[in-house]
Structures are given as structure tokens and as C-alpha cells.
Amino acid sequence: MYDCIIIGTGPAGLSAAINLKTYNKNFVWFGSGTLSDKVRKAEKIVNYPGFPEISGQGLFEKFKEHIEAAGIEITEKTVNNVMEAGGYYMVLADNELYEAKTIILAMGVMSAKVLEGEQEYLGRGVSYCATCDGMLYRGKKIAVICNSPKYEHEVEYLADLAAQVYYYPTFDSAVQRDNITISKDRPKIIQGDMQVRSLVLRSGETVEVDGVFCLRNAIAPSSLIPGIQLDHAHIAVDRSMATNLKGCFACGDCTGRPYQYTKAVGEGNIAAHSVISHLAEKE
């Protein structure tokens, strides 16, 4: 069992990882090897201490240098679910289960809006994990909503199982399968009774489906971690970055404004030290 699991490779997650590494804690860090698109695509950063004026790409390269110098590894898997298990946490990432005494949430803010009915039907026809739930829809009709080409292998996996896939990518897709219908229309409402029955599109068309897979870069905190307290769209934390769930801490943009790199780095530092204190108390 790990001491901690960190979710998110932006400045907050990086700061938390560096501090946990400094204290020789055993942790796994989930996220992208390219760290943060928000950082890399920034034209100019002028308020980061020590760098009077630096490009986002320049700051990204400094981050990478620090990660390599510290000997920290990034696990490039998508976290689908986090479960509190009576004193520790279980994290499902790409159909593999990880366990840790504590968890740090640093996944930024979710840019994609949750569909009406999405949370209501989660586990009753709505899924965030193709490999976890795909077998449930063998020979059935499904809809797939996707906001990144990196998930298209999962779309093809689902097409191998389902009879029909209605595919709604937010980008130009290169997927070509006889049983995949690609649409530029946008899903609006997920409907059903005890289970998902249909998807309503912005055009007003209703598509009958047995399930809906939402393959996105981020999952809403309330869907990712049942029971976590929110402050509007953000995770509610105290000054120690503690959430309402014991042993669960959050930092960075996911805790609210201002969405600033310096704020994220500071909160990541606090979250890491709060984890260290929590582990010491348990011992």
C-alpha cells in the first residue's frame, strides 16, 4: 500500500510530488507526461517568483528538469474512480486497482460541462471507463462522448463489443468502423428510467441507446469521489487543504480561484505536508 496517491500533473501535483519525495514517502503520481497543457501553451508568465518573464514552454521544461533530477515517475493512466475504504483509499486507473493511506487531488478544473442526467445515471448506463464496463454492452447500442484523440483506442475497443456505436467527438476523428456513426451534433441530455434509454442531442434528435460512455480528460469531482463536499464547482478545503473526507486533500485549480500557477504550487506544498502530518498521526 502506498503512503499517498496524487492525481494530476499540473503545478499543484508537481509541488506535492516534490515535497513527498523529499520526505521519502512512497507514492504513485497519476497524470500526463506532458504535465499541463495550460502551462505549456501560455505565451508569457510574469508572476512566477525567480522567473521575471518566462514562456509556458520554458516553465514546462524547468518542471521536467526538476522531475528528472528528483527521480520522480509519472504513471500515465486515467483515474476512473476513487473509493474511500475505511481508513484508506482505493483508486481505479485504467482497470487497475491501487491502494493508499492518503490521496491528493490536483486535477485542475473540468472544462467539459456535465450533461443533464449524467450523474443521475452513473452506474446505470453511464460509464467513464471503456475497459471496465465495455463487456456489459456486448451486442448493444451505445453512445460515446470523447474530447481527446488519446481515447480513440477505447472507442475502437467498444466498437469491437457493441452492435452500434454513436460517436460524438469534439475533434476531427480518424476512426473508421462499419458500426461507428460519427456525428458533429452535441449531446445534451441523458434520459432513461431505471437505466439509460436515450440521448437527446442539441439538434433535438433523440437517439435510443443502452449506455453512454463519457471519455474525457477530466471527471467531475462529485462523480470521481462519492461523498466529497463541493463549494459550487470546486472542491471545498480548509487551510490545510483537507477535504471533508479524512486523509483526502486537494490543491490547485480544483479548489477554486484564482487560477494561478503560484497559488497552485503553494497549495500543493501545503497538501503534501498535511499528508505527512496525517501519516505521522496514524503511526
Side-chain angles (χ1 to χ4, degrees), residues 30-34 36-38 40-41 76-81 92-96 107-224 233:
F30 289 110
S32 170
T34 59
S36 165
D37 285 342
K38 178 183 173 182
R40 286 190 302 107
K41 294 179 180 179
E76 294 193 76
K77 294 184 178 182
T78 301
V79 174
N80 307 112
N81 196 13
L92 185 66
D94 287 355
N95 214 25
E96 289 190 39
M107 59 272 199
V109 288
M110 183 178 174
S111 57
K113 186 178 179 181
V114 176
L115 299 180
E116 183 180 335
E118 181 176 328
Q119 294 188 351
E120 178 185 351
Y121 287 102
L122 182 62
R124 295 192 290 135
V126 172
S127 175
Y128 297 125
C129 181
T131 54
C132 306
D133 299 324
M135 291 296 292
L136 300 174
Y137 298 91
R138 183 181 290 277
K140 297 185 178 182
K141 294 186 294 184
I142 61 172
V144 180
I145 302 162
C146 183
N147 70 354
S148 174
K150 71 180 182 181
Y151 299 120
E152 292 215 300
H153 69 283
E154 297 192 28
V155 179
E156 294 184 331
Y157 167 76
L158 290 169
D160 288 338
L161 299 170
Q164 178 66 47
V165 177
Y166 299 101
Y167 185 29
Y168 303 93
T170 58
F171 52 90
D172 292 328
S173 172
V175 171
Q176 291 184 339
R177 291 288 188 93
D178 291 340
N179 65 335
I180 295 180
T181 301
I182 299 178
S183 173
K184 292 297 183 182
D185 207 341
R186 291 288 175 262
K188 183 179 179 182
I189 304 169
I190 299 172
Q191 294 181 328
D193 38 51
M194 293 302 293
Q195 288 286 130
V196 167
R197 299 299 179 198
S198 62
L199 185 66
V200 180
L201 308 179
R202 288 185 183 176
S203 64
E205 180 185 356
T206 298
V207 181
E208 292 186 2
V209 292
D210 300 299
V212 178
F213 285 82
C214 301
L215 307 180
R216 305 192 185 106
N217 285 321
I219 298 173
S222 56
S223 299
L224 185 66

Sub-4.5 Å side-chain heavy-atom contact between V209 and V196
yes
4.5 Å side-chain heavy-atom contact, V212 and I145
yes
Counting only heavy atoms from other residues, nucleotides and ligands, does the tally under 6.0 Å from NZ of K41 exceed 12?
no
Quick check: are there more than 12 heavy atoms from other residues, nucleotides or ligands sitting under 6.0 Å from NZ of K38?
yes
L92 and V79: side chain to side chain contact (heavy atoms under 4.5 Å, CB included), yes or no, with the steps?
CA-CA 6 Å; L92 185 66; V79 174; over 6 Å; no
State, to 0.1 Å, how close [X] and [Y] come at their nearest heavy-atom pair, and which atoms those are.
X	Y	value
L215	A130	CD2-N, 4.4 Å
P187	L201	CA-CD2, 3.8 Å
L158	G134	CD2-CA, 3.8 Å
G139	A163	O-CB, 3.4 Å
S183	P169	O-CD, 3.9 Å

Ignoring hydrogens and geometry, is there a side-chain-to-backbone donor-acceptor pair from N179 to V165 under 3.5 Å?
no
Would you check if the side chain of N80 reaches a backbone N or O of D94 as a donor-acceptor pair within less than 3.5 Å?
yes
Could you work out, with salt bridge (Lys or Arg N to Asp or Glu O under 4.0 Å) as the rule, every residue matching E154, not counting sequence neighbours?
none
Which pairs count as disulfide bond (SG atoms under 2.5 Å apart) when at least one residue sits in residues 146-183, sequence neighbours excluded?
none
Excluding sequence neighbours, so at least two apart, what forms side-chain contact (heavy atoms from CB on, under 4.5 Å) with [X]?
X	result
E118	V114, L115, V126, Y128, I190, C214, R216
E76	S32, I74
R197	D193, Q195

For [X], enumerate each residue passing the side chain to side chain donor-acceptor pair (under 3.5 Å) test, keeping only those at least two apart in sequence or located in another chain.
X	result
D178	none
S203	D185
R124	none
Q119	S222, S223

In Å, rounded to the nearest 0.5 Å, how long is the span from OG1 of T206 to CG of L199?
8.5 Å
CG of L161 to CG of L136: how many Å apart, nearest 0.5 Å?
10.0 Å
Could you name each residue pair satisfying side-chain hydrogen bond (donor to acceptor under 3.5 Å, both in side chains) that touches residues 131-144, not counting sequence neighbours?
S127-D133
side-chain hydrogen bond (donor to acceptor under 3.5 Å, both in side chains) pairs touching residues 158-169, sequence neighbours excluded, are E152-Y167, D160-R177, Q164-T181
In terms of side-chain heavy atoms, does S198 have a donor or acceptor partner in Q191 at a distance below 3.5 Å?
yes
Quick one, Y151 with V144, criterion side chain to side chain contact (heavy atoms under 4.5 Å, CB included). Give me CA distance, side-chain angles, the key distance, then yes/no.
CA-CA 11 Å; Y151 299 120; V144 180; over 6 Å; no
Using the test ring pair (Phe, Tyr, Trp, His ring centres under 6.0 Å), find all partners of F30 that sit at least two apart in sequence or belong to another chain.
Y98
So, E116 and K188, do they make that salt bridge, N to O below 4.0 Å?
no
